[in-house]
Amino acid sequence: PPVQPPHRKNYADSKVTIVCIAKRVLDSEAGRVLRYHDSNGERMIVTQRGVFAWNPDDDVLETLYNSHTQWTCAAFGGEAREGLVCGQADGDLSVLQLRGRGMQTLSGHNGAICSLAMNQNTVASGGSDGSVRLWNTTSGSSATVFQSLESVTALEFSPQSDVLAAAFDSGTLRVWKLLPSPEYSREPPQTQWEWQLARHHLWIKALAVAPGGNALASGGYDATVRIWALRTGHEMQSFALPHSVSSLAFAPDNRTLCGASERQIFLWDSWTGQPIANFAVPQAVDALHFGADALLTVAAGREIGLWRVL
């Protein structure tokens with residue numbers, strides 16, 4: 001079907017109040033923030049050079065790990081201190097067990113790691129070599145899911161762990177179903193092709209899967225956000241933004257979608273397509289995260305901010 005033009009939304013009538021309740025600027029040695037995660041009350045920050053635990057109530061920052069190499073991307077899987085994977089420019093992956101202070105190195109890509117996703121002991125990695133790989137972190141074994149001439153720019157697992165979505169610098173989306181693995185398997189899960197679409201005109205920078213596993217949001221350098229039915233690829237909503245999209249995140253209500261476009265942040269009702277609110281921040285946004293407490297975390301450069309939407 002033809003590409004539907006994205007809709008420009010009017011936020012002028014929004015009655016929502018957005019308040020910043022905590023903020024932290026990291027030291028320059030840490031580098032910019034790559035990923036933020038919270039679970040069971042722990043708030044974890046991954047930067048280009050390390051991993052930190054942050055308590056915003058008293059603004060205490062604990063260093064959990066310092067990296068001797070610069071990381072390019074990161075992903076958490078499960079509990080905050082139980083699983084973390086970080087990618088490097090040389091194509092290696094570092095799997096960290098922060099509670100036990102252990103680290104495992106996985107090698108297989110022939111170029112920089114551009115994107116990662118993690119779900120317990122399964123890691124998906126995408127690189128500048130055009131490959132999407134799945135890893136079993138227990139054994140270190142891997143399998144190539146897809147090989148192309150395009151860089152892999154974003155990856156996401158569904159919350160139910162049965163779908164993997166991948167985005168490419170051509171503007172293409174590809175989705176695979178993950179087949180159940182035998183109990184105690186030491187191999188990565190096998191995959192089954194589901195659907196592919198090329199609706200974005202430029203590089204896709206961000207993906208987000210709704211907590212209910214029903215919807216996939218994508219956004220990128222063509223300054224559009226599109227929402228798809230995860231299982232079928234049917235386009236349900238689209239939004240036009242003033243600049244390229246750097247990050248997306250769904251709220252725990254399975255309905256509210258947040259997107260960042262340079263120094264602006266937008267919230268929409270993903271079911272109806274109606275705007276909820278927008279607000280500006282001092283720096284261009286690198287990453288967004290909605291926690292189980294419905295607080296929105298905004299990472300921009302070396303700064304982390306916690307926002308409450310009222």
Side-chain angles (χ1 to χ4, degrees), residues 16-24 33-47 51-62 64 73-85 96-99 116-124 154-165 206-217 219 227 230 246-260 265-271 276-277 279 281 285-300 303-310:
V16 172
T17 301
I18 302 171
V19 180
C20 184
I21 61 173
K23 187 179 293 186
R24 176 77 189 219
V33 176
L34 299 175
R35 181 74 72 156
Y36 176 89
H37 183 74
D38 65 78
S39 65
N40 296 331
E42 278 202 303
R43 303 184 185 276
M44 314 289 287
I45 302 170
V46 184
T47 72
V51 187
F52 307 89
W54 179 40
N55 183 343
D57 294 334
D58 49 18
D59 198 25
V60 172
L61 193 72
E62 175 189 1
L64 301 179
C73 53
F76 282 94
E79 299 297 328
R81 295 196 185 219
E82 293 301 325
L84 168 65
V85 60
L96 284 75
Q97 298 292 333
L98 297 173
R99 201 176 301 279
L116 290 167
M118 188 176 189
N119 180 58
Q120 296 180 350
N121 70 332
T122 300
V123 168
L155 292 165
E156 282 289 335
F157 284 116
S158 66
Q160 295 76 21
S161 309
D162 61 345
V163 174
L164 172 65
L207 293 176
V209 178
N214 58 311
L216 169 69
I227 303 176
L230 181 61
S246 59
S247 186
L248 294 166
F250 275 97
D253 65 5
N254 197 46
R255 184 165 181 167
T256 303
L257 174 65
C258 183
I265 296 173
F266 300 83
L267 292 99
W268 306 275
D269 184 326
S270 67
W271 294 3
I276 296 174
F279 62 102
V281 291
V285 176
D286 294 310
L288 298 170
H289 175 82
F290 260 117
D293 53 10
L295 291 178
L296 174 64
T297 305
V298 178
E303 183 175 292
I304 284 278
L306 278 181
W307 298 76
R308 178 173 285 121
V309 182
L310 305 173

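For the pair Val33 and Ala299, the tightest heavy-atom approach, listed with the atom from each and the gap, is CG1-CB, 3.7 Å. Closest of all the heavy-atom pairs between Ser158 and Val209 is CA-CG1, 4.0 Å. Closest approach of Gly291 and Pro252 over heavy atoms only: O-CG, 3.0 Å. The two atoms that bring Phe250 and Ser270 nearest to each other are CE2-OG, 3.8 Å, heavy atoms only. For the pair Leu306 and Pro56, the tightest heavy-atom approach, listed with the atom from each and the gap, is CD1-CG, 3.7 Å. In this structure, Leu64 and Met44 approach most closely via the heavy-atom pair CD1-CE, 3.1 Å.
Using a 4.5 Å cut-off on side-chain heavy atoms (C-beta onward), Val309 and Thr256 make no contact. Residues Leu257 and Leu267 have side chains not in contact (no heavy-atom distance under 4.5 Å, counting atoms from C-beta outward). Residues Asp162 and Phe157 fail the side-chain proximity criterion, which asks for heavy atoms closer than 4.5 Å. No side-chain heavy atom of Arg43 sits under 4.5 Å from any side-chain heavy atom of Asn55.
Atoms CH2 and CG, from Trp54 and Asp38 in turn, are 10.5 Å apart once rounded to the nearest 0.5 Å. How far OH of Tyr36 is from CZ of Phe52: 14.5 Å, rounded to the nearest 0.5 Å. Rounding to the nearest 0.5 Å gives a distance of 8.5 Å between CG of Asp286 and OG of Ser247. Note that the CZ atom of Phe76 and the CG atom of Leu116 stand 12.0 Å from one another [nearest 0.5 Å]. With rounding to the nearest 0.5 angstrom, the CG atom of Leu296 is 10.5 Å from the CG atom of Asp293.
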Apply side-chain contact (heavy atoms from CB on, under 4.5 Å) to the pair Leu84 and His37, showing each step before the final yes or no.
CA-CA 10 Å; Leu84 168 65; His37 183 74; over 6 Å; no
Determine, step by step, whether Cys73 and Leu34 satisfy the side-chain contact (heavy atoms from CB on, under 4.5 Å) criterion, reporting the C-alpha distance in whole Å, the side-chain angles of both residues, the deciding distance to 0.1 Å, and the verdict.
CA-CA 6 Å; Cys73 53; Leu34 299 175; 5.5 Å; no
When you look at Val163 and Leu216, which way does the side-chain contact (heavy atoms from CB on, under 4.5 Å) test go after all the steps?
CA-CA 11 Å; Val163 174; Leu216 169 69; over 6 Å; no
Run the numbers on Phe290 and Leu295 for side-chain contact (heavy atoms from CB on, under 4.5 Å), then give the verdict.
CA-CA 6 Å; Phe290 260 117; Leu295 291 178; over 6 Å; no
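Using bins of under 30°, 30° to 60° and over 60° for the plane-to-plane angle, the ring pair Phe279/Trp307 lands in the tilted bin.
Looking at Asn119, its side chain never comes within 3.5 Å of a backbone N or O of Ser161 through a donor-acceptor pair. A donor-acceptor pair is defined here as one N or O able to donate and one able to accept, closer than 3.5 Å; such a pair exists between the side chain of Gln160 and the backbone of Gly212.
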